[in-house]
Amino acid sequence: MRRNNFVERSLTGAISFLKDSVFADEYASAKGFLQSLDPRIKAFTFVLFVVTAILAKSAVICLILYSLCLALACLSGIHMGFFLKRTWIFIPIFSLFIAIPALFSIFTPGEAIFTMDVAGLKFIITRQGLSGAVLFVSRVVTAVSFVVLLSITTRHFALLKVLRVFGVPQIFVMTLGMCYRYIYLFLEIIQNTYLAIKSRVGTSLGYKKGQHIVAWNMSSLWQRSYYLNEEVYLAMLSRGYTGEPKLSEDLKSGARDWAWLIFSVAVSAFLLMAAGRGTV
Amino acid sequence: MHIPDGYLGPATCGFFYVAMAPIWAFASRIVKKTLSAKQVPLLAIGAAFSFVIMMFNVPIPGGTTGHAVGGVLVAILLGPWAACIAITVALVVQALLFGDGGITAIGANCFNMAFVLPFLGYYIYKAISYGSAVDSNRRVIAAGVAGYVALNLAAALTGFEFGIQPLLHKTASGQALYCPYGLNVALPAMIGEHALVFGWVEAIVTALVIKYLQKQAPELLEEGKV
């Protein structure tokens, strides 16, 4: 039976997740252009850019938006190596792989631009296939980059509060804020449990034994979570919770935020109009 | 199964936001009415639990690992309406803070994983385990079957959403604008990998967790779900 290193993988996964979040928080508290904007306006404009990328029917629009995204990352003091690694791995690279078969006439018939013979089989790359694949990958990387940039330049609690701007009910926003805290608590529990397993039985276990360990971990995590509920409720009561969620509204916007909003709306409108006229 | 931004066209994204809006509203109303103030943190704890379930690497034969979605498990533990809210919250946190799953695709992702998956799984579990004792083996089997069937249906739905993109959005010259593969490719690809690998991971994890809870904390499997 082949041995499985799932203990090590789980540990690496949890540790890298926590490390990434610490990095993200470091960037969010650093001084930079995006960090200085009101999170509400920043979130609105970034969603607008993502929607523009989704509506775009030309890779040129997506590439213009992607360039803007990279420029904003530079202006905000984000290390380019970290940003490119964080944005390209995993979704855009995965999208690149799944776009490759769509280049060929078997999936996308059309005008042939390149033909190759492999072991007597003819493979034809079509113009429609190539432009479709370029558009697909550039749109995905642009959208993912904007979302990641928003997340690493905004304090996560502020970002969750921003959801009120989009009309999300208070009960959801409160649950999101609480959920966010528990994720870190649960990850710490998982990390400690797996470290204990590693120190006692090692990392090399058969898959059946491994599945039992994972299921046991999940069920004990649920048990601990369930019993935590009462303690959390008592803590909420001691802080003055009356049954209705209330969120502090400490976000402020200034002239720079409104200028950024006008610029972003103008850029999106210009790109969509230019695309409509067939200029790009 | 998390659909990223750029895979679905605006019409599909909009449709699923519109479809999910009444479901979210109804779920909030039911949960608010049924949950006592004391149980409010349970929603957040359930959401965090569904978030971290996806981070557990489950060993599978051949030396590799997969991960479960846990939608059916959360529905069995919390009830389908509370699970709908908990999984929605987990998906929003994943999309907004960690870039996993698209912002424009939150409606579609929630329809597949926070509505179809928990509801279908929960009612399959209820039907098979109907009238059985909390510690009976029938409940373990019911959880496994529910996990397998519901995940495969949710995956088929995701494949369908991918597959209709070339039909909905194509230029006059035949260039695909979003997911480039039609139903003949997207459906078998999604169903195949889930029927052969991930469905089994979901089934095994759901069944084993229920089995452990039967032994360790059977009171958590009692009725009274939302």
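Note on naming: letters A, B, ... go to the chains in the order of the sequence lines (proteins, then strands), and numbering restarts at 1 for each one. Everything numeric in this text was worked out from a predicted model, so none of it was measured.
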B:Ala47 versus chain A, the contacting section by heavy-atom distance below 4.5 Å: both

Side chain to side chain, A:Val147 and B:Asp5, heavy atoms closer than 4.5 Å: yes

Side chain, backbone, both or neither of B:Ile103 within contact of chain A (heavy atoms, under 4.5 Å): side chain

Heavy-atom contact with chain B under 4.5 Å, split by part of A:Phe46: neither

Contact origin within B:Ala95 toward chain A - heavy atom pairs under 4.5 Å: backbone

Sidechain-backbone polar pair: B:Tyr178 side chain, A:Ile54 backbone, donor-acceptor under 3.5 Å: yes

Distance flag, aromatic centroids of B:Tyr181 and A:Phe107, threshold under 6.0 Å: yes

Side chain to side chain, B:Leu96 and A:Ser151, heavy atoms closer than 4.5 Å: no

Distance flag, aromatic centroids of A:Tyr182 and B:Phe51, threshold under 6.0 Å: no

A:Leu176 versus chain B, the contacting section by heavy-atom distance below 4.5 Å: both

Heavy-atom check, side chain of A:Lys57 versus side chain of B:Thr171, under 4.5 Å: no

Any donor-acceptor N/O pair, A:Arg139 side chain to B:Tyr7 backbone, under 3.5 Å: no

Toward chain A, the part of B:Ile45 with a non-hydrogen atom under 4.5 Å: both

Proximal component of B:Leu8, with respect to chain A [non-hydrogen, under 4.5 Å]: backbone

Non-hydrogen side-chain atoms of B:Leu208 and A:His212 separated by less than 4.5 Å: yes

Any side-chain heavy-atom pair of B:Leu78 and A:Trp222 under 4.5 Å: yes

